[in-house]
Amino acid sequence: MINIVLFGAPGCGKGTQAQRLKEHYGIDHVSTGEVIRDEIRRGTELGRSMEQYIREGRLAPDEIVIGMIANYVAGHKEAKGCIFDGFPRTTVQAEEFDRILAGHGLKVDIMVDIHVPEEELVKRILLRGKDSGRADDASEEVIRGRLDVYRKQTAVVADYYASQNKYASVNGVGTMDEVFGRIAAVIDGLK
């Protein structure tokens, strides 16, 4: 089993590349957002807790997000592999994630960080905002704020995996095929 943490700032192309990796390697794509929506749909205790945070526009505490991921891992131990997209977002989550996986005899094999310069990210998100209808994709000020939060709070997770020699940065600029090729080269290099 191979476990990949797909990482990068908003607008770097994680969702697109995760879908391609899923198809190419026959592994699961675990989007934190999808896991949360599934917990809410199923009416679980965690899902009900998440609903309240979403209604109030707040980020869920680590323990709720970690609980959801722990449930997912427990239910998918026999998968060929997983791409974790949107998790972990903090060092605390990364440390707990390692414990959860180790409890099932699993580990994170690699974090692939899709690096795109900030000006390109802003351009991509503004373009996406024209189609998505998301208010947070339509304002350059809001986008730059999100990127700043990412840099300050989430990017430190890269250091956590780098300290374990489980970190690779790939250039996220180019065609979808070029970026996919760079990511696949990293994953294929693990074998």
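Computation of the quantities below employed the complete heavy-atom set of this structure, encompassing side-chain atoms and omitting hydrogens, waters and symmetry-equivalent molecules.
Annotation for Leu147 and Pro10: closest pair CD2-CD, 3.7 Å, computed over non-hydrogen atoms. Residues Ala70 and Ile100 approach most closely at CB-CD1, 3.8 Å, considering heavy atoms. Scanning all heavy atoms of the two residues, the minimum distance from Tyr161 to Pro88 falls at OH-CG, 3.5 Å. Across Ile40 and Gly47, no two heavy atoms sit closer than the pair CG1-O, 3.4 Å. Of all the heavy atoms in Ala168 and Val186, the pair that sits closest is CB-CG1, 3.7 Å. Across every non-hydrogen atom of Ser49 and Ile64, the tightest pair is CB-CD1, 3.7 Å.
Here the side chain of Arg89 pairs no donor or acceptor atom with the backbone of Thr154 at under 3.5 angstrom. The main-chain N or O of Met176 is found under 3.5 Å from a side-chain atom of Gln17 such that the two form a donor-acceptor pair. Side chain of Arg182 to main chain of Asn171: a donor-acceptor pair is present (N/O by atom type, distance under 3.5 Å, no hydrogens or angles). Proximity of a side-chain donor or acceptor of Lys166 to a complementary backbone N or O of Val108 within less than 3.5 Å is detected. Under a 3.5 Å cut-off, the side chain of Gln19 and the backbone N or O of Thr16 do not form any donor-acceptor pair. Looking at Lys80, its side chain does come within 3.5 Å of a backbone N or O of Tyr25 through a donor-acceptor pair. Within the 3.5 Å criterion, the main-chain N or O of Gly86 finds no donor-acceptor partner in the side chain of Lys14.
Between the CZ atom of Arg124 and the CG atom of Leu121 there is a distance of 6.5 Å, given to the nearest 0.5 Å. Interatomic distance, Cys82 SG to Leu21 CG, rounded to the nearest 0.5 Å: 12.5 Å. Leu6 contributes atom CG, which lies 11.0 Å from atom OG of Ser31 (distance to the nearest 0.5 angstrom). Here the straight-line distance linking atom CD1 of Ile187 with atom CD1 of Ile2 works out to 6.0 Å at 0.5 Å rounding.
Phe97 pairs by the ring pair (Phe, Tyr, Trp, His ring centres under 6.0 Å) definition with Phe84, Phe87, not counting sequence neighbours. In terms of the ring pair (Phe, Tyr, Trp, His ring centres under 6.0 Å) criterion, residue partners of Tyr72 (sequence neighbours excluded) are, by chain and number, His76.
Counting only residues at least two apart or on different chains, the salt bridge (Lys or Arg N to Asp or Glu O under 4.0 Å) pairs with a member in residues 93-118 are Glu96-Arg99, Lys107-Asp109, Glu118-Arg144, Glu118-Arg151.
In this structure, the side chains of Asp85 and His29 come closer than 4.5 Å at one or more pairs of heavy atoms. Between Arg48 and Glu39, the closest side-chain pair of non-hydrogen atoms is not below 4.5 Å. Residues Arg20 and Ile183 fail the side-chain proximity criterion, which asks for heavy atoms closer than 4.5 Å. Side-chain contact check for Val5 versus Ile110: every heavy-atom pair is 4.5 Å or farther apart. Looking only at side-chain heavy atoms (C-beta outward), Ile27 and Ile4 come within less than 4.5 Å of each other. Taking 4.5 Å as the limit, every side-chain heavy atom of Met68 sits out of range of all side-chain heavy atoms of Asn71. The side-chain heavy atoms of Leu126 and Ile143, taken from C-beta on, include a pair separated by under 4.5 Å. The closest side-chain heavy-atom distance from His115 to Val170 is not below 4.5 Å.
Tracing side-chain contacts under 4.5 Å through hydrophobic residues (I, L, V, M, F, W, Y), one reaches Ile114 starting from Leu190; they form part of the same cluster. By the rule that hydrophobic residues join a cluster once side-chain heavy atoms approach within less than 4.5 Å of another member, Val156 and Val92 end up as members of separate clusters.
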Pair Ile125-Glu140, side chain to side chain contact (heavy atoms under 4.5 Å, CB included): steps then yes or no
CA-CA 9 Å; Ile125 296 169; Glu140 185 171 335; over 6 Å; no
